[in-house]
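Report on the structure given below.
All values below come from the heavy atoms of this structure, side chains included, with hydrogens, waters and symmetry mates left out. Worth saying up front: this structure is predicted, and the values here are computed from it rather than measured.
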Amino acid sequence: MEHSGLPGKVQLDSRTLGWRNVHLLRVEEPAETDPFDVYSQDAQSIVLIKSAAESDGRPNIESRRGAGWIGARYRSGDMGMTAAGRGATLRWRNGTPHTTLHVRLSAHLLEKAACEANRSICHDDLDRLSLHDPVLRTMLLAMESALERGATGFYADAAAHFIAAHLIEGQPLTARPPALANPSAIPLRRMDDFLQAKLAEDFLLTDLADHAGLGVFQLIRLCKLHHGEAPFQRLQRFRIERSRQLLQERRLSITEIAFECGYASPSAFGAAFRRATGMTPRAYRDL
């Protein structure tokens with residue numbers, strides 16, 4: 001499948017799941033390409049080299065700068081970024097094809113992250129031919145895996161907000177013990193109530209933040225600070241806790257429990273349950 005503006009063939013596309021705020025593509029790139037232009041007025045572009053092409057040691061990707069070209073040597077795990085409103089002309093010559101992950105993040109989301117963090121956006125930092133960022137690399141690979149599993153819009157929305165916060169603040173937040181007697185307790189309690197009431201539903205992170213009475217980035221920050229986990233991780237924790245209760249009660253089938261706890265299929269439920277407990281749902285029920 002060809003995709004407008006890209007020389008390669010798209011193998012995976014998040015549009016099939018209707019993800020908002022973020023668009024993810026996995027692309028099989030050709031070994032060589034003539035110069036081509038990349039540009040987006042309203043999206044930050046991030047490209048991860050998932051599996052690099054064979055290289056003879058010379059730069060294997062080049063970007064036009066004025067009348068000349070500057071080059072970089074990409075290895076698996078390296079990245080490049082193009083800021084919203086900026087363009088680039090690229091070309092490469094390799095011995096073999098390579099595979100890339102493309103993430104396009106809403107520029108509006110970055111602006112919101114900067115506003116809530118009281119920072120201005122430095123477009124030069126978001127416009128780089130070569131970048132090494134282990135956190136960002138891990139997040140993009142996790143999103144690819146989630147897309148293959150058919151993850152919900154809530155996951156994609158949470159991932160998009162995390163990436164925006166990471167790009168603006170530069171590093172992930174550090175967890176600390178909860179402080180119960182403070183103004184954060186009420187919105188966090190509202191967040192937990194909403195998550196537990198919506199286990200079987202698909203919703204956006206903005207819905208959760210509105211219910212808690214906070215901005216999205218404020219909610220992510222507070223949840224990480226006081227619980228040591230992001231809202232999406234907390235939702236998964238609540239789903240597993242509820243599924244354990246239902247398995248112990250033995251009233252519903254495993255398929256019914258999967259849908260009751262918000263999983264798209266029994267296989268998705270089984271995989272999540274094994275990751276959390278080390279056991280299959282059936283083995284847990286038989287204890």
For this session: Apply salt bridge (Lys or Arg N to Asp or Glu O under 4.0 Å) to the pair Arg128 and Asp133, showing each step before the final yes or no.
Result: CA-CA 12 Å; Arg128 302 171 63 178; Asp133 186 328; over 6 Å; no

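- The aromatic rings of Tyr263 and Phe269 sit tilted, their planes meeting at an angle between 30° and 60°.
- A heavy-atom distance below 4.5 Å is found between the side chains of Pro7 and Glu29.
- When every heavy atom of Pro266 is checked against every heavy atom of Ala258, the shortest pair comes out as CA-CB, 3.9 Å.
- Between Leu246 and Glu260, the closest side-chain pair of non-hydrogen atoms falls below 4.5 Å.
- Under the 4.5 Å side-chain criterion, counting only non-hydrogen atoms from C-beta, Ile240 is not in contact with Gln236.
- Rounded to the nearest 0.5 angstrom, Ile163 CD1 and Leu109 CG are separated by 9.5 Å.
- Under the 4.5 Å side-chain heavy-atom criterion for grouping Ile, Leu, Val, Met, Phe, Trp and Tyr, Phe259 is not connected to Leu17 through any hydrophobic cluster.
- Within a 6.0 Å radius of CZ in Arg285, other residues, nucleotides and ligands contribute more than 12 heavy atoms.
- For the residue pair Leu129 and Ile70, the shortest heavy atom distance occurs at CD2-O, 3.9 Å.
- Ionic pairing of Arg91 and Glu32 is not present here: no N-O contact between side-chain nitrogen and carboxylate oxygen is shorter than 4.0 angstrom.
- Inter-residue side-chain proximity for Val27 and Thr99 is flagged as unmet; no heavy-atom pair is nearer than 4.5 Å.
- Side-chain contact, Arg239 with Ser243: no donor N or O sits under 3.5 Å from an acceptor N or O.
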Exercise. Would Val38 and Ser45 count as a side chain to side chain contact (heavy atoms under 4.5 Å, CB included) if you check the C-alpha gap in whole Å, the side-chain angles of each, and the deciding distance to 0.1 Å?
Worked result: CA-CA 9 Å; Val38 292; Ser45 174; over 6 Å; no

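- There is no side-chain donor-acceptor pair under 3.5 Å between Thr255 and Ser253.
- Smallest separation of non-hydrogen atoms from Tyr284 and Gln248: OH-NE2, 2.9 Å.
- Checking Ser76 against Ser51 by side-chain atom types alone, no donor-acceptor pair falls below 3.5 Å.
- At a threshold of 4.5 Å between non-hydrogen side-chain atoms, the residues Leu247 and Phe273 count as touching.
- The two residues Ala83 and Asp127 make their nearest non-hydrogen contact at N-OD1, 3.1 Å.
- Atom OG1 of Thr82 is separated from atom CG of Asp37 by 11.0 Å, given to the nearest 0.5 angstrom.
- The structure places CG of Asp42 at 11.5 Å from CG of Leu110, a figure rounded to the nearest 0.5 Å.
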Problem set entry | Phe154 and Trp19: CA distance, side-chain angles, deciding distance, ring pair (Phe, Tyr, Trp, His ring centres under 6.0 Å) verdict | CA-CA 9 Å; Phe154 181 80; Trp19 285 7; over 10 Å; no

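- Asp207 places a side-chain N or O within 3.5 Å of a backbone atom of Leu204 that can act as its donor or acceptor partner.
- The existence of a salt bridge linking Asp78 and Lys50 is excluded, since no basic side-chain nitrogen approaches an acidic carboxylate oxygen closer than 4.0 Å.
- The side-chain heavy atoms of Pro35 and Leu90, taken from C-beta on, include no pair separated by under 4.5 Å.
- We find that Glu229 and Lys224 are not joined by a salt bridge, their nearest charged nitrogen and carboxylate oxygen being 4.0 Å or further apart.
- In this structure the side chain of Ser14 never reaches within 4.5 angstrom of the side chain of Leu25, judged on heavy atoms.
- Within the 4.5 Å cutoff, the side chain of Leu199 has heavy atoms near those of the Leu235 side chain.
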Which atom pairs, donor and acceptor, lie under 3.5 Å between side-chain atoms of residues 185-197 and protein residues at least two apart or in another chain?
from: Asp192; atom 1: OD1; to: Arg234; atom 2: NE; distance (Å): 2.8
from: Asp192; atom 1: OD2; to: Arg234; atom 2: NH2; distance (Å): 3.1

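- Arg251 is linked by a salt bridge (Lys or Arg N to Asp or Glu O under 4.0 Å) to Glu249, counting only residues two or more places apart in sequence or in another chain.
- To the nearest 0.5 Å, atom OG of residue Ser267 and atom CZ of residue Arg149 are 11.0 Å apart.
- Residues Asn21 and His161 have side chains that never bring a donor and an acceptor to within less than 3.5 angstrom of each other.
- Taking both residues in full, the closest heavy atoms of Ala158 and Phe232 are given as CB-CB, 3.9 Å, listed atom of the first, atom of the second, then distance.
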For this session: Please report the C-alpha distance between Asn94 and Tyr74 in whole Å, then the side-chain angles of each, then the deciding distance to 0.1 Å, and finally whether the side chain to side chain contact (heavy atoms under 4.5 Å, CB included) criterion is met.
Result: CA-CA 11 Å; Asn94 292 300; Tyr74 276 175; over 6 Å; no

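- Separating the CZ atom in Arg244 from the CG atom in Leu287 is a distance of 10.5 Å, to the nearest 0.5 Å.
- In this structure, the side chain of Gln233 engages the main chain of Ala230 through a donor-acceptor pair within 3.5 Å.
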For this session: Kindly determine whether Met81 and Gln44 satisfy side chain to side chain contact (heavy atoms under 4.5 Å, CB included), including the steps that lead there.
Result: CA-CA 7 Å; Met81 297 197 299; Gln44 169 74 34; 3.6 Å; yes

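- If you check the side chains of Arg221 and Gln218, you find no donor sitting under 3.5 Å from an acceptor.
- Note that the CG atom of Leu136 and the CD1 atom of Ile46 stand 4.5 Å from one another [nearest 0.5 Å].
- No donor-acceptor pair closer than 3.5 Å links the side chain of Arg26 to the backbone N or O of Asp13.
- When only modelled atom types and interatomic distance are considered, Thr100 and His102 share a side-chain donor-acceptor pair under 3.5 Å.
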Exercise. Please walk me through it: do Arg137 and Met79 pass side chain to side chain contact (heavy atoms under 4.5 Å, CB included)?
Worked result: CA-CA 8 Å; Arg137 180 183 68 238; Met79 286 173 285; 4.1 Å; yes

